[in-house]
Amino acid sequence: MSLEKSAHIQRDVPRREPLGEMFPQPSYIAGIASNSSSSTDCIDLDSGEINEFAVVAEGEERTTWFVWILVMCSTISGLLFGYDTGVISGALVTIGSDLGPDTLSNGQKELITSATTLGALLGGLVAGVLSDWTGRRLVLGIADIIFIGGAIGQAVCHDVWSMIGGRFLIGIGVGLAACIAPLYIQELSPTRLRGRMVVLNVVMITLGQVIAYGIGAGFFHIHGGWRWIVGLGAVPAALQVGFLFFLPESPRILMRRGDKASARVVMSKIYAFAKPEELDLKVKALQAAVKQSIEITERTTVFQRFKSMFFDPINRRALIIGCGMQAFQQLCGFNTLMYYSATLFKEIGFNQPTAVGLIISGTNFIFTLVALKWIDKIGRRKIMIWSAPGMFIGLTLASISFHYLTRKTGGDLVDGTAYSTTWSAFVLLSMIIFVASYATGLGNVPWQQGELFGLEVRGIGTSLSTATNWAGNLLIGSTYLSLMDKITPAGAFGFYAGLCFLGWLFVLACFPETAGLSLEEVKMVFKSGFGIEESERLRRSKKEIKTRGKALGGASPTEKEDTV
């Protein structure tokens, strides 16, 4: 297809009225904003709002090895995230008296677990803003150094407070990596594969949890084996530090720095099959998209941009969705299984609790692969609407199972009691249903948060959303054991089921579809509401433009189906 036929460049599109004094919104793509059926589709390159499908490059349906290698190296951060959050489950049941007391109390277990979450909350809060200043790649390197220090610190500690300190340090690394790795991947991925590439990071998180449970099971009967479990987390962190020397910076960050030449080099590797003139148009489109963000950044302070997250309507709606989805992910209670599953299965009578916990983490990993396959094809919104009810059903079944399981112990779990194997099996089944549903949708979709925000506030928005995730994690992780004691296991899981139902209603009311929209286009769906209908209209219009562009270019080959 010829470049001239694929897109018409228009520089005189009239601008819309500003939507806010601090962040005026420029004109939109002609033929989309007006819902026009005109045969001429335009791109306003000066406005920064680009219809990517109208900028056609040869071979865009093919993903280069550069992209795959870059993403896989980046997802080591996800592996570390998963390993260091999952490893504590096996460690807690094997520490014994190695940290001083004969056995760890519930309060000490909650402190050790929650220290990681508190560190992650603080790390996530600063990660995005820091990466806007230093670049995405350097922040990932800082996270790796922290991972190494925290892993070694845990492995050599000999008292509870040293362990808490090591877990806190690991948490800071987790918070940095959890925020920046998806953001870095999003900014280096082609639009059509952006969701799938971010899910790869989640796949690595779940793989890290599986590895943690597997290693935990292997060291279960070895005295002091927990030290090896926590210390091995330093290995992948050291590997990624080496890889980071060869990974490029995000082209959007390079463009913001004025380094157009380096940005073009990176994009030439992403679009390796494009013709030179097509690549030039891609770079010019990105430059125009970043231009508005640079202007906003230059005329505002960090505090003003932070303030705009709450007072600018478009940013506020994006923030509500980003924070709301991250809160939903944590308040559903999933991470209590990651932290305490071995403890829980030990109490209900399983002889190999860490091995049983491996079933849970394995389910999480397998169904994350389902999301990897479908998230860009089905879409974020639909996959959430279909999967969230399964979480509610799984937790409700768990609540019923715990009710009948614990009738002879007054509703409480008493370690050492011979519980019904049938109801214990139902508990395990309910957990599998819950985790499978979670991994298909909620485990992945909230981490697409970076696509909700414009570049000028993307770091701030992802920081606030990630901090919300870890705040919810801290709340759930630090209250789980106490909640089980106060309102019984049946009541606790019934409570989580109720929160899941409320989260599903939030998705129905507020969460728009973002699959297929470029990062620069997503923010426009929030211009007059939460954009559920607007996003669908925009997606339909883009498909029409793409179809007409192909028709103008003559008979083009049928687009190949995306493959993982």
Side-chain angles (χ1 to χ4, degrees), residues 82 84-93 95 103-121 160 163-164 167-168 170-171 174 209 212-213 216 326-348 350 353-354 356-357 360-361 364 391-392 394-403 405-406 409 411-415 424 427-428 430-432 434-435 438 442-443 468-500 502-503:
D84 283 305
T85 53
V87 76
I88 195 61
S89 178
L92 286 177
V93 295
I95 287 175
T103 57
L104 296 176
S105 66
N106 281 350
Q108 289 171 328
K109 289 179 180 179
E110 286 181 341
L111 281 173
I112 290 172
T113 303
S114 300
T116 304
T117 309
L118 178 60
L121 171 60
V160 172
M163 183 67 173
I164 292 172
R167 294 300 298 170
F168 177 77
I170 282 287
V174 167
Q209 291 166 342
Y213 275 83
Q326 290 287 16
F328 181 15
Q329 188 187 78
Q330 291 304 321
L331 297 180
C332 71
F334 171 79
N335 273 327
T336 60
L337 290 179
M338 291 298 101
Y339 298 149
Y340 298 112
S341 61
T343 302
L344 176 65
F345 291 131
K346 181 173 179 289
E347 288 179 336
I348 65 176
F350 287 98
T354 307
V356 177
I360 298 299
S361 60
N364 190 26
M391 296 167 57
F392 172 75
L395 289 171
T396 302
L397 178 60
S399 179
I400 295 170
S401 300
F402 274 117
H403 171 74
L405 178 73
T406 59
T409 54
D412 296 320
L413 282 175
V414 179
D415 199 9
S424 294
V427 169
L428 178 59
S430 67
M431 296 302 178
I432 291 173
F434 167 64
V435 171
Y438 172 92
L442 192 59
T468 301
N469 178 289
W470 292 110
N473 193 323
L474 179 62
L475 177 64
I476 292 295
S478 61
T479 60
Y480 168 72
L481 294 178
S482 301
L483 194 67
M484 295 273 281
D485 288 338
K486 296 292 183 183
I487 65 173
T488 74
F493 282 91
F495 176 68
Y496 295 144
L499 292 178
C500 274
L502 293 178

With sequence neighbours excluded, residues passing side-chain contact (heavy atoms from CB on, under 4.5 Å) with Ala471: Leu121

Which of these passes side-chain contact (heavy atoms from CB on, under 4.5 Å) with Ser114: Ile476, Leu474, Thr479, Asn473? Leu474

Partners meeting side-chain contact (heavy atoms from CB on, under 4.5 Å) with Ile400 (sequence neighbours left out): Thr396, Tyr404

From CA spacing to verdict: side chain to side chain contact (heavy atoms under 4.5 Å, CB included), Thr406, Thr488: CA-CA 9 Å; Thr406 59; Thr488 74; 5.9 Å; no

Name all residues meeting the side chain to side chain donor-acceptor pair (under 3.5 Å) criterion together with Thr409; count only those two or more places apart in sequence or in a different chain, and write none if there are none. Tyr419

Cys500 versus Cys332, closest heavy-atom pair with distance: SG-CB, 3.4 Å

Check side-chain contact (heavy atoms from CB on, under 4.5 Å) between Leu104 and all other residues, then give those that pass, not counting sequence neighbours. Leu92, Ile95, Pro101, Gln108, Lys109, Ile112, Val160

Can you find a heavy atom in the side chain of Leu395 that is under 4.5 Å from one in the side chain of Tyr438? no

In Å and rounded to the nearest 0.5 Å, what is the OG1 to CD distance from Thr117 to Gln330? 8.0 Å

Taken to the nearest 0.5 Å, the spacing of Phe334 CZ from Leu442 CG works out to 9.5 Å

Do Tyr480 and Thr113 come within less than 4.5 Å of each other through their side chains, counting heavy atoms only? no

Residue set satisfying side-chain contact (heavy atoms from CB on, under 4.5 Å) with Leu483, at least two apart, ordered chain then number -> Ile487, Ala492, Phe495, Tyr496

Do you know the tightest heavy-atom contact between Gly394 and Ser430? O-CB, 3.3 Å

Could you check whether any side-chain N or O of Thr468 sits under 3.5 Å from a backbone N or O of Ala327, counting only pairs where one atom can act as donor and the other as acceptor? no

With sequence neighbours left out, the residues meeting ring-ring contact (aromatic ring centres under 6.0 Å, His included) with Phe168 are none

By side chain to side chain donor-acceptor pair (under 3.5 Å) - contacts of Gln329 (at least two apart): Asn469

Output the distance between atom CG (Leu118) and atom CD1 (Ile164), rounded to the nearest 0.5 Å. 11.0 Å

Contacts of Phe328 that satisfy ring-ring contact (aromatic ring centres under 6.0 Å, His included) - sequence neighbours left out: none

Side chains of Phe493 and Val427: does their closest heavy-atom pair fall under 4.5 Å? no

Can you tell if the side chain of Asp412 reaches within under 4.5 Å of the side chain of Asp485, non-hydrogen atoms only? no

By side chain to side chain donor-acceptor pair (under 3.5 Å), Asp84 pairs with (sequence neighbours left out) none

In Å and rounded to the nearest 0.5 Å, what is the CD to CD1 distance from Gln209 to Ile360? 11.5 Å

